Every structure is written in structure tokens, then in C-alpha cells.
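I have placed the structure first, in the form of C-alpha cells, so that the comments after it can refer back to it.
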Amino acid sequence: MSAIYILWLRELKKYSRSRAQIIASMGQPLLYLLVLGFGLGPVFEKAGSGNYRQFISPGIMGMTVLFTSVFSGIALLWDRQFGFLKETLVAPVPRIQVMIGRTLGGATVAMIQGTLIVIVCLLVGFRPVSLAMVPLGFVFLGLIATVFAALGTAIGSSLQDMQGFQLIMNFLVLPIFFLSGALFPLNNLPKALAVVTALDPLSYGVDGLRATLIGVSHFGAVTDAVVLVCVAAALLCLGAWRFSKIEI
Amino acid sequence: MEPSMIRVENLIKKFGDLTAVNDVSFDVQKGEIFAFLGPNGAGKTTTIKVLTTLLKPTSGSVELDGLNPVSHHNEARKAFGIVFQDPSLDQDLTAWENMNLHGVLYHVPSKIRRERTETLMKLFELWEKRDTVVKQFSGGMKRRLEIARGFLHTPKILFLDEPTLGLDPQSRNQLWTHVKHLNETERVTVFLTTHYMDEADRVAHRIAVIDHGRIVAMGTSQELKQQTNTESLEGAFLALTGSSIREESAGSADQLRQMARMFRR
Ligand SMILES: Nc1ncnc2c1ncn2[C@@H]1O[C@H](COP(=O)(O)OP(=O)(O)O)[C@@H](O)[C@H]1O
Ligand SMILES: [Mg+2]
């Protein structure tokens, strides 16, 4: 247990020491929030779909947590490159504990980053419909963080070097974001798109955030939670398995 | 007869077409200091990685304290400590945090952890810099920290992969004094690799000369000199591995291998 704790703590320390990076990584969500929020807002409202800024705020929260948690998992590649990974791999600690410590650390960092974005959303005018539901919103943030930190660990364990990174970014992480309904409603989509969005775990995360924060949902909050828990469990197993196979 | 702490039989490790370790066998007894002496690319690090569960052997068998590191990696990892050839510190953490993290991973109780960290960091002249992020350390300081960290817990088997690479003479001295002390007082078995003749000569009870993935000779420093009819271990080493610089053409590599084979008979 102490191994899990110290590796979790390591992720938090590294995060808290990268102030410049924390601020830099707020840029992208802020841009989406402002440009899309104000740019597409009028069209969205004219179509009778309500306030767009209210609508995309949960999507941007989901996006932030997605990116932060996947990256923290992929940071495994840096640890491989700079050599620290070896130190943890030969230690007399079951690898599953090393993996869990890292992954939970990454998920926690993503939660913190997500919380910062929640604050930014509030500052630019986002208002949750019910304060009582806000804690449940954070539960969904945590589920998204866990799902994608585990995915990041699985990916980071499988890549040998940074070359595969761009590929993963363009063909996995960005599609997960764009196909999740973070930016558009999931109702009345063309059949093919509806199928793909339903296969994207982030769809359920963002939907859960909308259900709890703005009272709008496509799948229903219970379905969202059940799907996310199952996907998280599956990805944690996948991540643990990939991690146990690492050779250096 | 002491029990074997390290036993390697017909170990082969291939990376694609390249055979990095080619049919290597040796035994290291409890309490022994055993050295792998060989030029760059000889397969020393690869052998250590197989022994320390970082790589799986292509074929052959290995045992650490009677345990198979391939099938019983968790148990085997409890038996050893290692100082890597390549960097393995977390650059974003401070020196003290690196030591502490290691101590926690190796289950060193917190009081002992703090005391030993202080003693070792003072010994390797890092105590003043304990709260500095490792990124800001010079190469020599990083190396000293790796060594100090390796001594934080006392394993049954200590692997040292070119530990003196990049160390100043004072720290080298500290290192070998400490290694000998651990070996004599705690009967720690030591497996070290080096390409410095004088070190192998000075600290190792037994030396295996390895070249192109094969052990070409094994014995005490004295025995190696006798076998090759040379005065110094350096002479013996050159006689065994040839005087060519590495990365030579296949032709001369084959000649060397032939020479090695002749020598074995
Ligand atoms: N991961 C790897 N992939 C491919 N080749 C490798 C790998 N690791 C080592 N090698 C090769 O195996 C040989 C032995 O390397 P190594 O064991 O590091 O030698 P030494 O430690 O004796 O200098 C070298 O030719 C090296 O290039
Ligand atoms: Mg080496």
C-alpha cells in the first residue's frame, strides 16, 4: 500500500512543480469555451437547442480530463526514456501496485486540472442547474479520469518510444474527443455517427456531466455511470496486463 | 560448499537477429564478489537485465537465490538491489525525495530510512543538496546519488553495472570501500560489471571475461594472468579480447571468436 501511495504522491508532486504547464494546458479548453461558446452560440440558440455555453461547458470539462489523464499515462514513455521506470520495475513491489499508484496519480492530477476548468467555466458564465447535483458531477469527472488514465497507462506500456505518440494522438485521442458529443448533442444523429458515438466511452462521461450539471441527458445518468465503471474496470485490467509485460 | 546465489545456464538473449548474450553459463557463490569484464557491447548489461527481471531470456535458465526471476519475479526482486549503468533517477524530484521513494519501494522502515539517507548522502557529499531537484545536478552528482540510493537497503545480492562510470576518484574509493564492507560484514553477494581492469583486479574474487556475448575466460585475476601468460590483468584482457576497437568488420569479429574458442579448449 505504501508503494501505491508514494507513487501516487510522486505524480502530484510532479504536477504541482510544473506551473507553466498547468497554465499552458488551460489555454486550449479556454479557447474552445470562448470561441465556440460565443461563436456558435447564436446558431445553436436559433436552432432552439438552448444556451450553447451551458451545453459545451461539460464537454470542455470532459475534454480537459481526457487529455490530462491520457497524457499522464503516456508520461510513462518519458520515464522509460529518462530511466526512472527501471527503478520501479525492479523494486520488490508487485507491478500491479506500481501500475495502480501511477494510474491513480494520473487520474487525480486530471481531476485537479478538470476542477480548474470547472472554475474557469463558472467564471465565463456557466451555471449548474442544481447545486445539490454538483458533487455527482465530480463523481463523473473522477470516472472519466480513471477510464482514460488507465487507457493512457495501457498505451504508455505498449509504446517503445515517442514515435507512436503522434499516431495515438491523431487516431485515438482526438477522435475520442470529437466523437463524444462534447461539442454537439447526441440526439437525431445520422445512424453511423450515432453508433460510433455510442461506442465512445467519453460520450457517457460527458453525458453524465450534463445530466448532473445542466439536467440534460441522452443515455440517462445511471446508464452513464454503469458504462463508465465497466469500461474503467476493463481498461484497468488491460493497463495492468500491458504494464506487467514491459521489458526494458 | 556455499550455495549458489546466482546460477546461469546456457543463457541466450537475442534482439531480433542480434545475439547479445550467446550461451553464457556461470555460478556465483554466496558472499562472493564476481565481475564481468568486457568491452562495450559485450552483453554485460543484457545479462544483468535478464537476471533482474527486466528482460526475458530467449533460452537457458537463470536462478537468483534458488528462485527463477522469470516465473517468480516478485520473490526474486526481494533478493537483490541494483545500481544501473544508465540513469534511473526521477529528475523532477529532489535528491532526498529520490532516496525516500527508493526506501519506501524497498520497505525500509521510516526511521532507518531517514538515518541511512542522511549517512549515505553525507558520505557521498550530497547532504547539502538534498532539497535540490535532481535536474539541476551535475553528471557526477547524479551518479553519486544513484550509488547512495543503491546502498539504502541491504540486499542479498547487489548488482553494480559499471558503477564507477562518471565517478570522481574519491567517490570511487568510497564506493569500493562500502562494497567490500557490505561483502565482509553482511556477506552480500556482489555481481559487478566493468571495463576497468584495475577495479576488477582490486575488488573481485573471480572474474569472467566476456566478449561478443560469450564468456571467453573465467577465474581469479591470478588465474587469468597465468592462462594468458601475461603480467597484468590488462595484458590478459587484451590477449583474450584482441586489441581492436569495437565495431570492427565481421571478419575480424569472427577471428576473435575463433581465438576465444581456441582458448576455451
Ligand atoms: N533493447 C535492445 N535492442 C536491441 N539491441 C540491444 C538492446 N540492448 C542491447 N542491445 C545490443 O546488445 C549488445 C550487448 O549490449 P549490452 O548488454 O548493453 O553490452 P555491455 O553492457 O556489455 O556494453 C549490443 O550490441 C547492444 O547494441
Ligand atoms: Mg553495459
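Chain letters run A, B, ... following the sequence lines, proteins first, then strands; residues in each count from 1. Predicted model, so just to flag it, every value in this text is computed and none were measured. The figures here come from the full heavy-atom set of this structure, side chains too, leaving out hydrogens, waters and symmetry mates.
- The neighbour count for Y5(A) OH, taken as heavy atoms of other residues, nucleotides or ligands under 6.0 Å away, does not exceed 12.
- Within 6.0 Å of atom CD in Q85(B), more than 12 heavy atoms from other residues, nucleotides or ligands are found, so the atom counts as buried in its surroundings.
- Ranked by heavy-atom pairs shorter than 4.5 Å toward chain A, the options N74(B), V104(B), D90(B) are led by D90(B).
- Both the backbone and the side chain of K78(B) come within contact range of chain A, with heavy atoms under 4.5 Å apart.
- Only the side chain of L7(A) comes within less than 4.5 Å of a heavy atom of chain B; its backbone N, CA, C and O stay farther away.
- Counting non-hydrogen atoms of neighbouring residues, nucleotides and ligands closer than 6.0 angstrom, the NE2 atom of H107(B) exceeds 12 such neighbours.
- Side-chain contact between E247(A) and L54(B) is absent, with no heavy-atom pair separated by less than 4.5 Å.
- Annotation: maximal heavy-atom pairing with chain A below 4.5 Å, among H73(B), E75(B), H153(B), K56(B), occurs at K56(B).
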*asked:* Checking Q91(B) against K14(A) for the side chain to side chain contact (heavy atoms under 4.5 Å, CB included) test, could you report, in this order, the C-alpha distance in whole Å, the side-chain angles of both residues, the deciding distance, and whether it holds?
replied: CA-CA 10 Å; Q91(B) 309 257 345; K14(A) 284 170 87 88; over 6 Å; no
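- For a residue to count as touching a neighbouring chain, one of its non-hydrogen atoms must lie under 4.5 Å from one of that chain's; by this rule K86(A) touches chain B with backbone and side chain alike.
- A 4.5 Å side-chain heavy-atom check between V134(B) and F84(A) finds every atom pair outside the cut-off.
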*Given the rule in the side chain to side chain contact (heavy atoms under 4.5 Å, CB included) test, do E87(A) and L89(B) qualify, once you have shown the distances and angles that lead to the verdict?*
CA-CA 8 Å; E87(A) 156 80 358; L89(B) 299 165; over 6 Å; no
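- In this structure, R77(B) and L89(A) approach most closely via the heavy-atom pair NE-O, 3.1 Å.
- With a threshold of 4.5 angstrom between heavy atoms, E97(B) approaches chain A through side-chain atoms but not through N, CA, C or O.
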_Please determine whether side chain to side chain contact (heavy atoms under 4.5 Å, CB included) holds for the pair L105(B) and T88(A), giving the CA-CA distance in whole Å, both sets of side-chain angles, and the decisive distance to 0.1 Å._
CA-CA 8 Å; L105(B) 290 181; T88(A) 57; 4.1 Å; yes
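- For the set L101(B), N100(B), T52(B), T53(B), the entry with the most heavy-atom pairs within less than 4.5 Å of chain A is L101(B).
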*asked:* Using the rule given for side chain to side chain contact (heavy atoms under 4.5 Å, CB included), can you reason through L93(B) versus K13(A), listing the C-alpha separation, both sets of side-chain angles and the distance that settles it, and then say yes or no?
replied: CA-CA 8 Å; L93(B) 297 183; K13(A) 280 185 179 159; 4.2 Å; yes
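- Contacts with chain B were tallied for V98(A), V90(A), I248(A), V93(A); V90(A) has the most, counting heavy-atom pairs under 4.5 Å.
- Atom NZ of K14(B) has 12 or fewer neighbouring heavy atoms from other residues, nucleotides or ligands inside a 6.0 Å radius.
- Applying the 6.0 Å contact sphere to CZ of F82(A) captures no more than 12 heavy atoms from other residues, nucleotides or ligands.
- Two residues are said to be in side-chain contact when any heavy atoms from C-beta on lie closer than 4.5 Å; Y106(B) and P92(A) meet this criterion.
- A salt bridge between D92(B) and R17(A) is absent, with no side-chain N of the basic residue lying under 4.0 Å from a carboxylate O of the acidic one.
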